[in-house]
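Each remark here refers to the structure printed beneath this line.
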Amino acid sequence: MKTRVALLTLIALATAPVLAAPQGGFMDPAAPAAQSNQAGGFKAGEASVVTVKQAEEMKDDSWITVRGTLEKQTGDEDYLFRDSSGTMKVEIDHKRWNGVTITPKDRVELTGELDKDFNATELDVKQVRKLP
């Protein structure tokens, strides 16, 4: 009997986070995706506001901020970002949404670390902010 109670308690504890209501994230009209809510924290240094074109010329691991729109979700945590100079792939971990819901019509400010490969530039987003 004690084993059964302990097992049921363990299952209840393990499934509780799965059943929690997700909040915030990118809201694509074609495929809505809600993300989890997180509290604020430490902001790592100041990042300069640049365009996608400027980001492509910068060094790997540079901290930058871009402003524009998220056009669509391309993977679990991958999105296509666009500004007036072009597009760039961005990766936004679920915990980075902080309860903010974004649609393709919303302007956003993304701050993070550039990840450059041979022929691709990606932004590993650490902060998402919805612009007015």
Side-chain angles (χ1 to χ4, degrees):
M1 181 70 173
K2 287 183 183 181
T3 306
R4 187 176 291 173
V5 171
L7 183 59
L8 288 174
T9 302
L10 183 60
I11 290 171
L13 289 174
T15 58
V18 175
L19 300 175
Q23 295 177 343
F26 180 73
M27 197 60 112
D28 187 348
Q35 310 299 333
S36 64
N37 187 8
Q38 287 287 333
F42 176 73
K43 182 177 178 185
E46 288 297 315
S48 58
V49 177
V50 299
T51 65
V52 169
K53 190 172 185 175
Q54 291 171 324
E56 291 171 350
E57 304 300 321
M58 298 178 76
K59 293 181 180 180
D60 188 31
D61 299 328
S62 296
W63 279 87
I64 64 166
T65 297
V66 291
R67 293 181 181 142
T69 59
L70 290 173
E71 286 194 338
K72 65 180 178 178
Q73 187 170 7
T74 59
D76 183 41
E77 295 181 338
D78 298 325
Y79 303 86
L80 184 64
F81 172 84
R82 177 179 296 278
D83 70 6
S84 60
S85 69
T87 62
M88 172 181 6
K89 180 181 170 188
V90 297
E91 180 182 344
I92 306 173
D93 292 341
H94 300 295
K95 64 185 177 184
R96 302 294 181 196
W97 289 104
N98 294 323
V100 176
T101 300
I102 304 293
T103 69
K105 295 179 182 181
D106 297 318
R107 284 193 33 82
V108 294
E109 179 179 89
L110 306 176
T111 301
E113 184 177 8
L114 266 175
D115 183 18
K116 296 187 80 169
D117 289 330
F118 295 108
N119 60 354
T121 301
E122 180 179 323
L123 182 62
D124 184 11
V125 176
K126 304 299 182 189
Q127 181 182 27
V128 177
R129 200 178 110 200
K130 188 174 187 176
L131 297 175

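Residue numbers run from 1 in the order of the sequence given. Model, not experiment: these values are computed from the prediction.
- A donor-acceptor distance shorter than 3.5 angstrom exists from the side chain of Q54 to the backbone of T51, with no hydrogens or angles considered.
- Side chain of T74 to main chain of L80: no donor-acceptor pair is present (N/O by atom type, distance under 3.5 Å, no hydrogens or angles).
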Exercise for review: Decide side-chain contact (heavy atoms from CB on, under 4.5 Å) for L110 and V90; before the verdict, give the C-alpha distance in whole Å, the side-chain angles of both, and the deciding distance to 0.1 Å.
Suggested key: CA-CA 9 Å; L110 306 176; V90 297; 4.1 Å; yes
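- Among pairs with a residue in residues 60-70, those fulfilling salt bridge (charged side-chain N to carboxylate O under 4.0 Å, His left out) read R67-E109, at least two apart in sequence or across chains.
- Under the 3.5 Å distance criterion, the side-chain polar atoms of T69 are left unmatched by any main-chain donor or acceptor of K105.
- For T103, the side-chain hydrogen bond (donor to acceptor under 3.5 Å, both in side chains) test picks out D106, with sequence neighbours left out.
- For residues 111-123, the set of pairs meeting the salt bridge (charged side-chain N to carboxylate O under 4.0 Å, His left out) definition, not counting sequence neighbours, comprises K89-E122.
- A distance of 9.0 Å separates CD1 of I92 from CD of Q73, quoted to the nearest 0.5 Å.
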Practice item. With side-chain contact (heavy atoms from CB on, under 4.5 Å) as the test, would you mind laying out the steps for I64 and L114 before giving the verdict? Key: CA-CA 7 Å; I64 64 166; L114 266 175; 3.9 Å; yes
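- To the nearest 0.5 Å, the span separating NZ on K95 from NZ on K126 amounts to 7.0 Å.
- Residues T121 and A55 approach most closely at CG2-O, 4.2 Å, considering heavy atoms.
- Considering CG of D83 and CZ of R107, their distance stands at 9.0 Å, rounded to 0.5 Å.
- The nearest pair of heavy atoms linking E56 to T87 is OE2-O, 4.3 Å.
- The backbone N or O of V100 lies less than 3.5 Å from no partner atom in the side chain of N98, so there is not a single donor-acceptor pair.
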Practice item. Go through V49 and V66 one step at a time and tell me if the side-chain contact (heavy atoms from CB on, under 4.5 Å) criterion holds. Key: CA-CA 6 Å; V49 177; V66 291; over 6 Å; no
Practice item. Quick one: do F26 and V128 satisfy side-chain contact (heavy atoms from CB on, under 4.5 Å)? Show the steps, please. Key: CA-CA 10 Å; F26 180 73; V128 177; over 6 Å; no
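- Within the 4.5 Å cutoff, no side-chain heavy atoms of L123 are placed close to those of F81.
- In this structure, R82 CZ and E71 CD are separated by 4.0 Å, a value rounded to the nearest 0.5 Å.
- By the 30° and 60° cut-offs, the orientation of the rings of W97 relative to Y79 is perpendicular.
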